[in-house]
Undergrad: 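Pasting a structure here, questions to come.
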Amino acid sequence: VESASGTGTIRGSYVRVRSGPSTSSSIVANVGKGTSVTVTGTEGDWYKIQIRFKDEVGYVSAQYIQFTPFAPAATTQAETTATTTTAAVQ
């Protein structure tokens with residue numbers, strides 16, 4: 001499983017969440033269009049997801065999810081100053 005983190009919205013009207021990244025994997029849940037999920041990784045053309053309202057983990061084909069990655073953490077002015085000061089002293 002490759003790293004990916006963000007949110008996803010289910011695009012299909014009736015989407016099966018599977019135990020693994022394959023249509024032959026067992027179905028662990030069914031979700032409807034507009035359902036919000038947390039994306040925790042990718043494997044091939046599949047997203048590993050956590051269903052927020054069910055506390056269920058599984059895989060959904062990428063074609064059925066609108067993925068939005070989490071924004072990178074912002075660097076504060078204090079962190080920037082500390083890094084610059086440390087580099088100047090060394």
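Just so you know, these numbers come straight off a predicted model, no measurement behind them. Values below: every heavy atom of this structure, side chains too, minus hydrogens, waters and symmetry copies.
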Undergrad: Which distance, rounded to the nearest 0.5 Å, do you find between the OG1 of T40 and the NZ of K48?
TA: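 If I round to the nearest 0.5 Å, the distance is 5.0 Å.
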Undergrad: Between R16 (side chain) and N30 (backbone), is there a donor-acceptor pair under 3.5 Å?
TA: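 Flag not set: sc R16 to bb N30 has no pair under 3.5 Å.
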Undergrad: Is I51 close to V31 at the side-chain level, that is, under 4.5 Å between some pair of heavy atoms?
TA: yes
Undergrad: Once rounded to the nearest 0.5 Å, what's the spacing between atom OG1 of T9 and atom NZ of K33?
TA: 11.0 Å
Undergrad: How close do A29 and E56 get, counting heavy atoms only, and between which atoms?
TA: CB-CG, 4.3 Å
Undergrad: So I49 and I65, do their side chains get closer than 4.5 Å, heavy atoms only?
TA: yes
Undergrad: Just jot down the side-chain contact (heavy atoms from CB on, under 4.5 Å) partners of Q50, sequence neighbours excluded, or say none.
TA: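 Q50 satisfies side-chain contact (heavy atoms from CB on, under 4.5 Å) with T38, D55, V57 once adjacent residues are dropped.
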Undergrad: For D45, check side-chain contact (heavy atoms from CB on, under 4.5 Å) against everything at least two apart and list the hits.
TA: none
Undergrad: Just to verify, what does S26 make a side chain to side chain donor-acceptor pair (under 3.5 Å) with, not counting sequence neighbours?
TA: S19
Undergrad: Nearest 0.5 angstrom please: R18 CZ to Y59 OH, how far?
TA: 14.0 Å
Undergrad: For F67, what residues pass the ring pair (Phe, Tyr, Trp, His ring centres under 6.0 Å) criterion, not counting sequence neighbours?
TA: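 F67: ring pair (Phe, Tyr, Trp, His ring centres under 6.0 Å) contacts with Y47.
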Undergrad: Excluding sequence neighbours, so at least two apart, what forms side-chain contact (heavy atoms from CB on, under 4.5 Å) with S22?
TA: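 Partners of S22 under the side-chain contact (heavy atoms from CB on, under 4.5 Å) test: S24, S25.
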Undergrad: Measure the shortest side-chain to side-chain distance between T23 and W46 over non-hydrogen atoms and say whether it is less than 4.5 angstrom.
TA: yes
